[in-house]
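One structure below.
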Amino acid sequence: MPELPEVETTRLALSPQICGKILCKGVVVQRSLRWPVSAEFPDTLIGDRIADLDRRGKYLLFRFTRGTLIVHLGMSGYFRFVDCRTPLENHDHIELRFEGDLCLRYNDSRRFGAFLWTTNDPLLHPLLRDMGPEPLSTELTGGYLFGRSRSTRVSVKTFVMDQKVVAGVGNIYANEALFEAGLLPAKAVCALDVVQANRLADALKAVLSRAIASGRNSLERFFFHRPGEKPGYFPQTLNVYDRDGAPCRRCGHPVVKILQGGRASYFCPQCQS
DNA sequence: CCCGATTCCTGTAGGC
DNA sequence: TGCCTACAGGAATCGG
């Protein structure tokens, strides 16, 4: 469930700790993630310095001097800093040790995450190449969404979750943005007019920036991690997601849950149309 | 080409 | 209490 805000929160927490540091050691406990962890990891990276930590959609880009480690958290992946002597916990798959006894661990119970090494421009990697614009950039406008939605018959929910349309939106923020835009998830996206496309763009930006702001407040969890807590997964108030049967926060009508392509959608039938 | 269904995995929740 | 099944979700890939 890490979507753009959770990944951005992770980036904000890791960046000041690891940027400029040299990787001294890498440990792989489990190579079988979504795809096998790149064979170059860790040997090729040892002794190399991290210049920058970037994000593209839901991907983290650890930019080393000699190449880039592309990381996806999948559904259950998270990083945490630990004392080097801390014994490995269940589902701790990868460890990155930096100069100054800094030990970063990757834990991922469902193993949908990815650790891929590339020496080319990571943005040209097949996984990132066709990704749509960053939702918080000026590239994402109502006009852009309107244009992209003319020639497809998919629902507006499927549309906003398509990484080729917009980068970084997952099920939770798709539901929240559609509520904010007053649009039913099952509505055909080609039926939107320009005004509705504008509302959708504004709602996506608002929902995601609010979540990032809320994530900033939980950054300390990376450094004072309590067992059972997943750093980067922060509490926040959601309007519809996982609230089926509960009263709509705006009008009181019970929130409805439907299945779209085997995935849960939540909406208020009175506030969305 | 387009799009819905299937697939990977395991923790959690619900039913009996 | 305990076992068993269903379900959750990101996104590549399959298949109609």
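Below, chains carry the letters A, B, ... as their sequence lines are ordered, and counting in each starts from 1.
- Put simply, A/Lys164 has no side-chain N or O that comes within less than 4.0 Å of OP1 or OP2 on C/dA11.
- In this structure, A/His72 reaches the C/dA11 phosphate: one of its side-chain N or O atoms is under 4.0 Å from OP1 or OP2.
- Annotation: cation-pi pair A/Arg250/A/Phe179 present, NZ/CZ under 6.0 Å from the ring centroid and within 45° of its normal.
- Rounding to whole angstrom units, CG of residue A/Asn171 and P of C/dA11 are separated by 11 Å.
- Atom CZ in A/Arg111 sits roughly 18 Å away from atom C1' in C/dA11 (whole-Å rounding).
- A/Tyr241 has a side-chain polar atom (N or O) that falls below the 4.0 Å cut-off from OP1 or OP2 of C/dG9.
- Taking only distance into account, the side chain of A/Arg263 meets the base of C/dG10 through a donor-acceptor pair shorter than 3.5 Å.
- When each of A/Leu259 and A/Tyr59 is assigned the nucleotide of DNA chain C with its nearest heavy atom, A/Leu259 is the one assigned upstream, toward the 5' end.
- Minimum atom distance to the side chain of A/Asn90 is reached by B/dG11, of the listed B/dC3, C/dG9, B/dG11.
- Checking the phosphate oxygens (OP1, OP2) of B/dC3, a side-chain nitrogen or oxygen of A/Thr152 falls inside 4.0 Å.
- Side-chain proximity of A/Gln163 to B/dG4, C/dA11, B/dC8: nearest is C/dA11.
- Nearest to the side-chain atoms of A/Trp35 among the listed nucleotides B/dC8, C/dA12, B/dC3 stands C/dA12.
- A sub-4.0 Å separation between OP1 or OP2 of B/dC9 and a side-chain N or O of A/His91 is absent.
- Salt bridge status for A/Arg210 with A/Glu180: present, with a side-chain N to carboxylate O gap under 4.0 Å.
- The phosphate of B/dC8 (OP1 or OP2) has no side-chain N or O of A/Arg110 nearer than 4.0 angstrom.
- Under the 4.0 Å criterion applied to side-chain N and carboxylate O atoms, A/Arg56 and A/Glu134 are assigned as salt-bridge partners.
- Taking atom CE of A/Met161 as the reference point, atom C1' of C/dG10 lies 8 Å away to the nearest angstrom.
- At a threshold of 4.0 angstrom between heavy atoms, the contacts of A/Lys257 are confined to the sugar-phosphate backbone, with no base atom among them.
- Residue A/Leu73 is out of contact with every strand shown, counting any heavy-atom pair closer than 4.0 Å.
- For the pair A/Tyr266 OH and C/dC7 P, the computed distance is 12 Å after rounding to whole Å.
- One atom, CG of A/Asp244, and another, C1' of B/dA13, lie 14 Å apart when rounded to the nearest Å.
- No side-chain donor from either of A/Tyr59 and A/Arg55 sits under 3.5 Å from a side-chain acceptor of the other.
- In the displayed structure, A/Arg153 atom CZ is contacted under 6.0 Å by at most 12 heavy atoms of other residues, nucleotides or ligands.
- Rounded to whole Å, atom P of C/dG10 lies 14 Å from atom CD of A/Gln260.
- Rounded to whole Å, atom C1' of C/dA12 lies 12 Å from atom CG of A/Asp130.
- Cation-pi contact between A/Arg150 and A/Phe146: present, with separation from the ring centre below 6.0 Å and deviation from the ring axis of at most 45°.
- Put simply, CG on A/Asp108 is 12 Å from P on B/dC9, counting in whole angstrom units.
- Among the atoms of the strands shown, base atoms are found under 4.0 Å from some heavy atom of A/Arg34.
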